[in-house]
Structure formats: C-alpha cells, structure tokens
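Excluded from the calculations below are hydrogen atoms, water molecules and symmetry mates; all remaining heavy atoms, backbone and side chain alike, are included.
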Amino acid sequence: MKARWVIVGLLSIPLVDTLLLVPIATAIGLLTTVLIVVLTGLFGMVLVRAEGRTTIQRIQQKIARGTLPTNELIDGGLLIAAGAFLLTPGIVTDIIGFASAIPVTRYPIRILTKRYIVTPILDRRTNDFISGNIYIDGFPDEDTVNLDPEEYGRPDEDR
C-alpha cells in the first residue's frame, strides 16, 4: 500500500512542475525561465558537490575514531537525492533538492528519515530489536529449574 503512494507522489512531482513552469514561462518569458532552470541546476550541483566532500570527510573522521557514521550516511543519501532533484528541471524539484542539500534544512529531513523510514525498516528486519520494543511471549519450558531462595548464589562447600 505504501509503495503505491510513493509511486503516485513521484509521478505527481513532474506534473506539478509542468503546471508551474508553463505559467512562469508565459509571465517572464521562455528564455528567462530556461536560464533560471539551468542556473539553479548548476548552482545546485556545485552545492551538492561541496556538501558531499564535507560529508565524506566526516564519514572518514568517524570511522577513524571507531564510531558508526550513521547520520553522515543518511546525509550522503540525501545529497544523492538532492543531486537528482536539482538536475531535474522544475520549481518543485529545485525546492526539494535545495532543502535536501543545505545543511540547515537537511538536519530535520535527516531526523524525519531516521524516524519514519530507517527505524521501521530495521525494526521489521530485527523483530523490533532496534527500537527496543521487544516482546517475549510464553512461559518457561518444563526443563527450567526453579531454585529456592536458599539456593541462590554460590554453592557452599559443605553441600
């Protein structure tokens, strides 16, 4: 069911872009609209490239320290998506692309991505181990030995 909505969303973006570009082109002219689309694409690629270098450096620093670069890997994925959106001509794709490329707006997008995409996928694959919602059902087997309170701890030498 979710895949259907993702497909509808991805197909509606070019439609909305076309519906926005046609009135803009008639208002400011075709040549100006094409120039704006090309310049936003070029500026976006320069921005994504610079942010990508910074993200790669942070990944290398975290790996050198021995920590997992989870946020940086999500940032890398968002930068790849930003590059794809910025190369696609249109107003909506440029807004989404710049929001994914600029660090100030990428931080909340990263938090939402972790909360609504990464954690549910990992929970499904690990039976809710990632989020800590582990439910262990059932009772102990008959092979389980229940000890009396006097028998807890280390065994005495005289027993």
Side-chain polar contacts of residues 14-22 - donor-acceptor pairs under 3.5 angstrom, sequence neighbours left out - could you list them?
residue	atom	partner	partner atom	Å
D17	OD1	I91	N	3.1
D17	OD1	V92	N	2.6
D17	OD2	T93	OG1	3.4
T18	OG1	P14	O	2.8

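- When atom types are taken as modelled, the side chain of T105 and the backbone of A101 share no donor-acceptor pair closer than 3.5 angstrom.
- Looking only at side-chain heavy atoms (C-beta outward), T40 and F98 come within less than 4.5 Å of each other.
- In the hydrophobic clustering of this structure, F43 groups with M45; members are Ile, Leu, Val, Met, Phe, Trp, Tyr whose side-chain heavy atoms approach within less than 4.5 Å, directly or through other members.
- Taking CD1 of I74 as the reference point, atom OG1 of T55 lies at 12.0 Å (rounded to 0.5 Å).
- For the atom pair T119 OG1 and K114 NZ, the distance stands at 7.5 Å (nearest 0.5 Å).
- Hydrophobic cluster membership for L112: Y116 (Ile, Leu, Val, Met, Phe, Trp, Tyr linked by side-chain heavy atoms under 4.5 Å, directly or transitively).
- Side-chain heavy-atom separations under 4.5 angstrom define the hydrophobic clusters, and the remaining members of the one that includes I111 are Y107.
- Under a hydrophobic clustering in which Ile, Leu, Val, Met, Phe, Trp and Tyr are joined whenever their side-chain heavy atoms come within less than 4.5 Å, directly or via other members, L87 and L78 fall into different clusters.
- Residue pairs meeting the salt bridge (Lys or Arg N to Asp or Glu O under 4.0 Å) criterion with at least one member in residues 90-106, sequence neighbours excluded, are E51-R106, D75-R106.
- Note on I24: it clusters hydrophobically with V37, by side-chain heavy-atom contacts below 4.5 Å among ILVMFWY residues.
- T67 contributes atom OG1, which lies 10.0 Å from atom CD of Q61 (distance to the nearest 0.5 angstrom).
- Considering only residues two or more places apart in sequence or on other chains, V38 meets the side-chain contact (heavy atoms from CB on, under 4.5 Å) condition with V34, L42.
- Atom CD1 of I117 is separated from atom CZ of R110 by 14.0 Å, given to the nearest 0.5 angstrom.
- Side-chain contact check for T70 versus V118: every heavy-atom pair is 4.5 Å or farther apart.
- Here OG of S100 is found 11.0 Å from CG of L47. Values are rounded to the nearest 0.5 Å.
- With sequence neighbours left out, Q60 forms a side-chain contact (heavy atoms from CB on, under 4.5 Å) with I56.
- Counting only heavy atoms from C-beta outward, the side chains of I36 and I28 approach each other to under 4.5 Å.
- By the rule that hydrophobic residues join a cluster once side-chain heavy atoms approach within less than 4.5 Å of another member, L86 and I102 end up as members of one cluster.
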